[in-house]
Amino acid sequence: MPLPIFRAQLRSTPANGHAAFLPHIRKLVFEFCNKWPSSENTRTFLLNDLQSLARQNPHVEIVVRQRSQKEPIVRGFYVNNRDKVIPLNSLEVTGIHKKVRLLLDSSGAKIKPLKRRPVESTTQAARGIWSGLHADRPTL
């Protein structure tokens, strides 16, 4: 007599796009200078908006680090062991929001150009590969 199949046994395992979403980003690091005027908008963003960003994204570790005498940056670390760095020195607070959102939504994969891919042939050339070492020597 065959064993009955219960409904609980027919569940699939969670994966991206099915039962759960596993985010690609794991860590955001904000680095800024406490004195430079180019870091002023970054400091404003960190003081006013960082807590709400951390509450909206509990899966992301957020680190704030001071870099003296350097331009402000935000660095995103991803699950595939890659990182992306975006400079924040000429951005307003809304621009910083957009760049952080770009890092949060990104997969961390290397950017691949969609146009002008090199042609790769699956067959050999009709004449083969020419080499000057196999050609006859010219006579003078």
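Index from 1, following the sequence.
Nearest heavy-atom pair across K84 and L103 is CB-CD2, 3.8 Å. When all heavy atoms of V93 and N41 are compared, the pair lying nearest together is CG2-O, 3.9 Å. Summarising the geometry of S68 relative to C33, their closest heavy-atom pair is CA-SG, 4.1 Å, with the distance given to 0.1 Å. When all heavy atoms of L28 and L104 are compared, the closest pair comes out as CD1-CD2, 4.0 Å. Considering all non-hydrogen atoms of both residues, H24 and S107 come closest at CB-O, 3.6 Å.
Interatomic distance, CG of L50 versus OG1 of T42, reported as 11.5 Å (0.5 Å rounding). Atom CG of residue N81 and atom CZ of residue R26 lie 6.5 Å apart, to the nearest 0.5 angstrom. Considering NE2 of H59 and CG of N57, their distance stands at 5.0 Å, rounded to 0.5 Å.
Taking the salt bridge (Lys or Arg N to Asp or Glu O under 4.0 Å) definition, one finds that R55 meets it with nothing, sequence neighbours left out. Legend: residues meeting side chain to side chain contact (heavy atoms under 4.5 Å, CB included) with L102, ordered by chain and number and at least two apart, are I86. By the salt bridge (Lys or Arg N to Asp or Glu O under 4.0 Å) test, D83 is found to be paired with R75, residues two or more places apart in sequence or in another chain being considered.
A heavy-atom distance below 4.5 Å is found between the side chains of E71 and W36. Taking 4.5 Å as the limit, some side-chain heavy atom of Q66 sits within range of a side-chain heavy atom of F32.
In the hydrophobic clustering of ILVMFWY residues, with side-chain heavy atoms under 4.5 Å counting as a link, I73 and L46 come out apart. F77 and V74 fall into different hydrophobic clusters, where Ile, Leu, Val, Met, Phe, Trp and Tyr side chains are chained together by heavy-atom contacts under 4.5 Å. Note: the hydrophobic cluster containing V29 does not contain L91 (ILVMFWY, side chain heavy atoms under 4.5 Å, direct or indirect links). In this structure, I96 is a member of the same hydrophobic cluster as V64, with clusters built from ILVMFWY side-chain heavy atoms closer than 4.5 Å.
Legend: salt bridge (charged side-chain N to carboxylate O under 4.0 Å, His left out) pairs involving residues 60-69, not counting sequence neighbours, sorted by first then second residue: E31-R65, E31-R67. Applying the salt bridge (charged side-chain N to carboxylate O under 4.0 Å, His left out) test to every pair with at least one member in residues 92-102, sequence neighbours left out, gives these pairs: R101-D105.
In the hydrophobic clustering, where aliphatic and aromatic side chains (Ile, Leu, Val, Met, Phe, Trp, Tyr) are joined below 4.5 Å either directly or transitively, V79 stands alone.
Aromatic ring pairs are classed by plane angle as parallel below 30°, tilted from 30° to 60° and perpendicular above 60°; the pair F30 and F45 is tilted.
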